[in-house]
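See below for the structure under consideration.
If you're wondering where the values come from, they're calculated on a predicted model, not measured in any experiment.
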Amino acid sequence: MKTTKLFSRPLFGQNIRTYWFFAVAVALIMSMMSSVVTIAINAIQTDLAGGTDTAIFERMEKMGLEIPRMDPSVILDTMYYKVIVLIPIFLLVVVVANALIASQVDDGSMAYILSTPTERRAVAFTHMVFMLLVPLVVTGIVCGVKCALNEQIAGDADAAATVVKFAGMYVLTEAVAAICYLGSCLFNQSSRALIFGGGITVWCFIASLLGVFGSDKLVDMGVGIDELDIFNRLTLVGLLDITAMETVGSSVVNYDFVWKLGVLAGIAVVAYTAGALAFWRKDLPL
């Protein structure tokens, strides 16, 4: 007899036992990246502050001469949130989303799961909860590490902006995870699901990488290309407004990032819901 429960603890526990090591590895890699980037940014800013170039720039500015000032720490910080730290967690959600449903349908193990008292809707909902919680835990750990590094290395005790940026990163990750989940629910073949979810994820990453060099900060420094900003409009990562988030905790906060995160959250809700319904209603080769 099938159970009427919407959430399956045995299935959720199986997911944890299967993917906990992968999640821990991703958290450690992201934490190591955070350490390296924070140390590098602090070293660059220290060198710039103690260099003679700063005095020269200040004198020229007093004379009314404005010239671009290249700050490698700004480039590195921008790439950290929009490129570097996204690689491991994007890989995590692509692999896990594909393995939870499409891969199990493909290799026949889904037939065994559905032969137990667990209904399809419980399978879909349990996997969805897992996809929501794992990136949350990983992002939370890395956020804590980054806040501690900022305070200990950079002497930045204001963690508000950092927490908001990582919260935005989590919402972005869930939008990508939901799209991968949707592909896993739509296709019975693992390869097709991976092409769908993984292909969109790879495009978002590549477009974000190109879009970084079209950002206002890099263009103002003279190292960016304004035309490349078009790629920020062609990727979900473009909705992660790091510049606006950095104003959190200051006297003047730019709340433009709120509606952009709302769009990402809406994409996640729609994709998760559509994926669960598709899996619940479709014919499976069992």
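Under the 4.5 Å side-chain criterion, counting only non-hydrogen atoms from C-beta, Asn150 is in contact with Thr162. A 4.5 Å side-chain heavy-atom check between Thr78 and Ile242 finds every atom pair outside the cut-off.
A ring-centre distance under 6.0 Å is found for Phe130 and Phe12. Aromatic pair Phe231/Phe213: ring centres not closer than 6.0 Å.
Taken from CG in Leu6 to OG1 in Thr126, the straight-line distance is 7.0 Å, to the nearest 0.5 Å. For the atom pair Ile113 CD1 and His127 NE2, the distance stands at 5.5 Å (nearest 0.5 Å). A distance of 8.5 Å separates CG of Leu100 from CE of Met110, quoted to the nearest 0.5 Å.
Between the side chain of Asp106 and the backbone N or O of Ser190, at least one donor-acceptor pair lies under 3.5 Å. One N or O on the side chain of Ser250 and one on the backbone of Thr247 form a donor-acceptor pair closer than 3.5 Å. Ser215 places a side-chain N or O within donor-acceptor distance of the main-chain N or O of Val212, the cut-off being under 3.5 Å. The backbone N or O of Cys185 sits less than 3.5 Å from a side-chain atom of Lys282, completing a donor-acceptor pair. Not one N or O on the side chain of Thr118 forms a donor-acceptor pair closer than 3.5 Å with the backbone of Leu114.
Side-chain polar atoms of Thr38 and Tyr80 form no donor-acceptor pair below 3.5 angstrom. A donor and an acceptor atom, one from each side chain of Arg17 and Gln14, are nowhere located under 3.5 Å apart. Using modelled atom types and a 3.5 Å distance limit, the side chains of Glu174 and Tyr272 yield a donor-acceptor pair.
Heavy atoms from other residues, nucleotides or ligands lying under 6.0 Å from OH of Tyr255 number 12 at most.
Below 30°, between 30° and 60°, or above 60°: for Phe196 and Phe187 the angle between ring planes is between 30° and 60°, a tilted geometry.
Counting all heavy atoms, side chain and backbone alike, Ser208 lies closest to Lys82 at OG-O, 2.8 Å.
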